[in-house]
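Single-structure report; data block below.
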Amino acid sequence: MRALRLSLLLLSLFAVPAFADDDDQDRARRALAAGEIRPLEDVLAVQRRALPGEVVGVELDRDDGRWVYELKVLTSNGDRREIEIDAGSLAVLDVD
């Protein structure tokens, strides 16, 4: 089941849904191809160590000149928390 959720997250991040801005999707794909960002799989490994739980949302944004993954995580005790990870260095920037 976890593999299915992960697959859906990957598809939602890199697929071009009807409501998404094509330019944002293209920029993210180019950044990945250029090595500016790390694959989501690597980011999820960092998230699991820093904030264990089920990832229920993923965003990739440009913030102050760098790419940042924002993950929404449902913890084992039912809390919804967020973690921000630098998409290039994989440094944990913030945990709320």
Side-chain angles (χ1 to χ4, degrees):
M1 188 63 146
R2 181 166 173 78
L4 176 60
R5 287 189 202 118
L6 179 57
S7 296
L8 291 173
L9 283 172
L10 289 170
L11 286 173
S12 68
L13 181 62
F14 294 108
V16 182
F19 58 85
D21 184 340
D22 290 345
D23 292 335
D24 289 343
Q25 295 290 329
D26 291 339
R27 282 183 21 199
R29 284 190 194 101
R30 284 193 304 271
L32 181 63
E36 295 174 21
I37 64 174
R38 302 286 294 273
L40 183 57
E41 177 180 307
D42 296 351
V43 175
L44 292 173
V46 171
Q47 167 268 315
R48 283 190 293 271
R49 287 190 301 272
L51 181 62
E54 182 178 346
V55 175
V56 295
V58 176
E59 291 181 29
L60 176 62
D61 295 313
R62 196 87 167 139
D63 187 20
D64 293 331
R66 66 178 166 195
W67 289 101
V68 176
Y69 281 101
E70 182 182 297
L71 303 149
K72 292 170 181 45
V73 178
L74 187 61
T75 65
S76 61
N77 63 358
D79 292 335
R80 184 179 158 274
R81 304 204 39 212
E82 293 183 7
I83 183 170
E84 290 184 0
I85 300 172
D86 184 293
S89 71
L90 296 179
V92 175
L93 304 173
D94 191 29
V95 178
D96 287 332

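We count residues from 1, following the sequence as given.
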Let me see the working for Gln47 and Val58 under side-chain contact (heavy atoms from CB on, under 4.5 Å), right down to the final yes or no. CA-CA 11 Å; Gln47 167 268 315; Val58 176; over 6 Å; no
Considering non-hydrogen atoms only, spot the tightest contact between Ala50 and Ile83 and give its length. CB-CD1, 3.7 Å
Donor-acceptor under 3.5 Å (Arg81 side chain, Asp96 main chain): yes
Can you tell me how far apart CG (Asp86) and CG (Asp94) are? Round to the nearest 0.5 Å. 13.0 Å
Do Leu93 and Leu51 belong together in a cluster built from hydrophobic side chains that touch within less than 4.5 Å? no
Can you measure from CZ (Arg29) to CD1 (Ile37) and round to the nearest 0.5 angstrom? 11.0 Å
Which pair of heavy atoms, one from Ala87 and one from Leu60, lies closest together, and at what distance? CB-CD1, 4.0 Å
Heavy atoms only: give me the nearest Val46-Leu90 pair and the separation to one decimal. CG1-O, 3.8 Å
Please report the shortest heavy-atom distance between Trp67 and Ala31, naming the atom on each side. NE1-CB, 3.6 Å
Counting C-beta onward and ignoring hydrogens, is there a side-chain heavy-atom pair between Leu44 and Leu71 closer than 4.5 Å? yes
Neighbour count above 12 (heavy atom, 6.0 Å) for Asp64 CG: no
Determine, using the 4.5 Å side-chain heavy-atom cutoff (strictly less than), whether Val92 and Val68 are members of one ILVMFWY cluster. no
So CD of Glu84 and CG of Asp63: to nearest 0.5 Å the spacing works out to 7.0 Å
Worked check of salt bridge (Lys or Arg N to Asp or Glu O under 4.0 Å) between Lys72 and Glu59: CA-CA 9 Å; Lys72 292 170 181 45; Glu59 291 181 29; 3.3 Å; yes
